[in-house]
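Structure first, then comments.
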Amino acid sequence: METDQNNNTAAEHMDHSLKQIGNTLLKSKSLVPTFLRSAVSSQASGWVDFIVGFVMFYWIFNQHLSWLATGIGVVAGGIVNCIICYKFTFRAENCPWKAVVVKYALVWIGNLILNSGGTELLYIFLKKWHILEEMGFKAAGYYTTARLVMSLLVSWFWNFILQRNFVYRPSSFDPYAVRFMNSICRMLRIKVKD
């Protein structure tokens with residue numbers, strides 16, 4: 001009977017510990033849990049980005065225009081990422097959504113340039129390595145490799161740093177970003193709530 005009580009106590013303690021870990025991972029704003037949540041949102045948007053980009057490159061553009069295929073994939077992934085990061089990863093409740101949209105767009109434009117240009121440069125570089133062709137690489141393999149490498153580098157060293165420290169945090173830039181968004185909405189005759 002004492003063993004059963006000890007087992008129940010150990011199980012309850014384990015359950016409580018797992019809940020604490022889960023709460024820390026889901027709610028903490030410290031670096032490691034935020035980075036882990038960012039990895040989840042990055043994976044979700046990365047898969048959208050990669051699948052859309054690959055479909056565009058391979059089937060729509062018939063293995064040409066890698067830069068355009070990448071750009072379209074990045075747009076799709078960027079929209080998914082902004083939404084997930086706003087609600088889940090960084091919980092930007094203290095930052096106006098209009099400011100987040102403008103700041104995200106600025107970082108995203110850099111992301112687009114780095115991913116598109118970097119993928120194209122790496123793709124051209126890989127195509128020149130004849131040893132890869134001898135190993136069986138094809139155009140889709142060069143593109144896939146270039147796309148994955150650039151996506152990881154940009155995700156770690158551009159997106160996470162700027163999103164955590166600029167996009168989803170209140171800043172002195174926010175009032176200007178909100179005014180800019182309001183001007184755009186008025187110009188397009190779009191009515192939105194704050």
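Residues take their numbers from the sequence shown, with the count starting at 1. This is a predicted model, so every value here is computed, not measured.
Between Trp156 and Phe160, the distance separating the two ring centers is not shorter than 6.0 angstrom. Ring to ring, Tyr58 and Phe54 are close: their centroids are under 6.0 angstrom apart.
When all heavy atoms are compared, the tightest approach of Asn94 to Pro170 is O-CG, 3.4 Å. Gly73 and Val52 get closest at one heavy-atom pair: CA-CG1, 3.9 Å. The two residues Ser45 and Gly77 come nearest to each other via the heavy atoms CB-O, 3.1 Å. The minimum heavy-atom distance linking Ala99 with Ala177 is given by the pair CA-CB, 3.7 Å. The two residues Leu126 and Ala146 come nearest to each other via the heavy atoms CD1-N, 4.0 Å.
The cluster map of Ile, Leu, Val, Met, Phe, Trp and Tyr, joined by side-chain heavy atoms under 4.5 Å apart, puts Ile109 and Ile83 in the same cluster. Linking ILVMFWY side-chain heavy atoms closer than 4.5 Å, directly or via other members, places Ile124 and Val149 in two distinct hydrophobic clusters. Placement of Val48 and Phe88 within a single hydrophobic cluster is found when ILVMFWY residues are connected by side-chain heavy-atom separations under 4.5 Å, directly or transitively.
With hydrogens and angles ignored, the 3.5 Å screen pairs no side-chain donor or acceptor of Arg164 with any backbone N or O of Ile161. One N or O on the side chain of Asp174 and one on the backbone of Ser171 form a donor-acceptor pair closer than 3.5 Å. Using modelled atom types, no side-chain atom of Lys98 and backbone atom of Val178 make a donor-acceptor pair closer than 3.5 Å. At distances below 3.5 Å, at least one donor-acceptor pair connects side-chain atoms of Lys103 with backbone N or O atoms of Arg169.
Counted within 6.0 Å of NZ on Lys128, heavy atoms from surrounding residues, nucleotides or ligands total 12 or fewer; the atom is thus considered open. Other residues, nucleotides and ligands contribute more than 12 heavy atoms inside 6.0 Å of the CZ atom of Phe61. Within a 6.0 Å radius of CH2 in Trp67, no more than 12 heavy atoms belonging to other residues, nucleotides or ligands are found. No more than 12 heavy atoms of other residues, nucleotides or ligands shown are found within 6.0 angstrom of CD1 on Ile131. Heavy atoms of other residues, nucleotides or ligands lying less than 6.0 angstrom from CE of Met135 number 12 at most.
Screening Trp158, Tyr104, Trp108, Tyr86 for a side chain to side chain contact (heavy atoms under 4.5 Å, CB included) with Gln163, the sole residue that qualifies is Tyr104. When each of Leu114, Ile113, Asn111 is paired with Val74, the side chain to side chain contact (heavy atoms under 4.5 Å, CB included) condition holds for Asn111 and for no other. Applying side chain to side chain contact (heavy atoms under 4.5 Å, CB included) to Met181 and the options Ile190, Val192, Val102 leaves one that passes, Val102.
To the nearest 0.5 angstrom, Asn159 atom CG is 6.5 Å from Asn81 atom CG. One distance of note links CD1 of Ile79 with CD1 of Ile84; it measures 12.0 Å at 0.5 Å rounding. Between the OG1 atom in Thr145 and the CE atom in Met150 there is a gap of 13.5 Å [rounded to 0.5 Å]. The CZ atom of Arg91 lies 13.0 Å from the OH atom of Tyr168; values are rounded to the nearest 0.5 Å. Summarising the geometry, atom CE belonging to Met56 is positioned 15.0 Å from atom NE2 belonging to His64; distances are rounded to the nearest 0.5 Å. Expressed to the nearest 0.5 Å, how far OG of Ser42 lies from CZ of Arg37 amounts to 14.0 Å.
A salt bridge is defined here as a Lys NZ or Arg NE, NH1 or NH2 lying under 4.0 Å from an Asp or Glu carboxylate O, and Arg147 with Asp49 meets this definition. Taking 4.0 Å as the cut-off between side-chain N and carboxylate O, Glu120 and Lys127 do not count as a salt-bridged pair.
Using a 3.5 Å distance cut-off with no hydrogens or angles, the side chains of Thr89 and Ser38 do not pair a donor with an acceptor. A donor and an acceptor atom, one from each side chain of Tyr143 and Thr119, are nowhere located under 3.5 Å apart.
For the pair Leu122/Phe125, a side-chain contact is recorded, criterion being any heavy-atom separation below 4.5 Å from C-beta on. A heavy-atom distance below 4.5 Å is found between the side chains of Phe166 and Phe173.
Residues passing the ring pair (Phe, Tyr, Trp, His ring centres under 6.0 Å) test with Phe50, sequence neighbours excluded: none.
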